[in-house]
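Here is the structure we will look at.
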Amino acid sequence: MTAPSPPFMMFSPLLLDTLRACQYSPTATCSYDLMAGGLIWNDELPPRTEYGLNLRASVHLRKVIAYRASLMLDEPRTDQEEDWIELMRLLPAWPGFRPERVAGEAQRLLKVHKYKESRAIRQLEKDGF
């Protein structure tokens with residue numbers, strides 16, 4: 001008889017440790033992650049000086065950021081929800097779960113970025129790209 005497999009981990013221990021070290025900053029700056037289609041604040045990732053960790057974390061968080069964006073747009077994407085729920089269970093204090101990052105001014109800012117993105121795509125299509 002074989003032992004049961006350990007449960008699949010969506011987030012590696014290294015990534016969890018990296019994200020656990022991220023501390024909320026009231027002066028954090030926000031940017032639009034085109035690949036995830038959502039906003040991300042610089043205190044949600046390790047410092048850019050830690051390039052390898054920063055890059056890995058940003059790639060692994062894409063589904064989380066995409067799901068948060070879908071919540072902000074009142075169009076929850078259930079295909080992205082699993083990572084959000086798992087990370088929230090494991091790291092409820094991660095800055096990305098703060099209520100003001102899902103509502104209010106953040107919502108307005110995301111809608112502005114989405115509008116600009118759709119305008120840019122329409123222009124590319126018009127130009128034949």
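Owing to the predicted nature of the structure, the values given are computational and were not obtained by experimental measurement.
Heavy atoms from other residues, nucleotides or ligands lying under 6.0 Å from CD of Glu82 number 12 at most.
In terms of heavy atoms, Ala69 sits closest to Gly37 at CB-O, 3.4 Å. Minimum interatomic distance between Trp41 and Ala28 (heavy atoms only, all atoms of both residues): CD1-O, 3.9 Å. When all heavy atoms are compared, the tightest approach of Pro46 to Cys22 is N-SG, 3.8 Å. Contact detail for Trp94 and Leu87: the closest heavy-atom pair is CE3-CD2, 4.1 Å.
Annotation: side-chain contact (heavy atoms from CB on, under 4.5 Å) contacts of Asp17 (sequence neighbours excluded): Arg20. With sequence neighbours left out, Gln80 forms a side-chain contact (heavy atoms from CB on, under 4.5 Å) with Lys63, Ala66, Tyr67, Arg77. Residues satisfying the side chain to side chain donor-acceptor pair (under 3.5 Å) criterion with Asp83, sequence neighbours excluded, are absent altogether. Listed by chain and residue number, Phe129 satisfy the side-chain contact (heavy atoms from CB on, under 4.5 Å) test with Leu124 (two or more places apart in sequence, or in another chain). Scored by the side-chain contact (heavy atoms from CB on, under 4.5 Å) test, Val112 finds Arg108, Lys116 as partners (sequence neighbours excluded). Judged as a side chain to side chain donor-acceptor pair (under 3.5 Å), and not counting sequence neighbours, Glu75 has no contacts.
Taking CZ of Arg89 as the start and CD of Glu86 as the end, the distance is 4.0 Å to the nearest 0.5 Å. Note: His113 NE2 to Cys30 SG = 6.0 Å, rounded to the nearest 0.5 Å. Within the model, atoms CG of Leu109 and NZ of Lys114 stand 12.0 Å from one another, a figure rounded to the nearest 0.5 Å. Once rounded to the nearest 0.5 Å, the distance linking OG1 of Thr27 with OH of Tyr24 reads 8.5 Å. Here the straight-line distance linking atom CE of Met88 with atom CD of Glu81 works out to 10.5 Å at 0.5 Å rounding.
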Step-by-step side-chain contact (heavy atoms from CB on, under 4.5 Å) determination, Arg56 to Leu15: CA-CA 8 Å; Arg56 269 188 272 166; Leu15 179 62; 5.7 Å; no
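Under the 4.5 Å side-chain criterion, counting only non-hydrogen atoms from C-beta, Tyr32 is in contact with Leu39. No side-chain heavy atom of Leu19 sits less than 4.5 Å from a side-chain heavy atom of Leu90. Residues Leu45 and Leu61 are in side-chain contact: their nearest non-hydrogen atoms beyond the backbone lie under 4.5 Å apart. Looking at heavy atoms from C-beta onward, Met35 lies out of side-chain contact with Ile65 at the 4.5 angstrom threshold. The closest side-chain heavy-atom distance from Glu44 to Pro95 is below 4.5 Å.
For Trp84 (side chain) and Arg68 (main-chain N/O), no donor-acceptor pair under 3.5 Å exists by modelled atom type.
Under the 4.5 Å side-chain heavy-atom criterion for Ile, Leu, Val, Met, Phe, Trp and Tyr, Val102 and Val64 are members of the same hydrophobic cluster. By the rule that hydrophobic residues join a cluster once side-chain heavy atoms approach within less than 4.5 Å of another member, Leu73 and Leu71 end up as members of one cluster. By the criterion of side-chain heavy atoms lying less than 4.5 angstrom apart, applied directly or through intervening Ile, Leu, Val, Met, Phe, Trp or Tyr residues, Met72 is not grouped with Tyr115; the two fall into different hydrophobic clusters.
A salt bridge links Arg101 with Asp43: the distance from a Lys NZ or Arg NE/NH1/NH2 to an Asp or Glu carboxylate oxygen falls below 4.0 Å.
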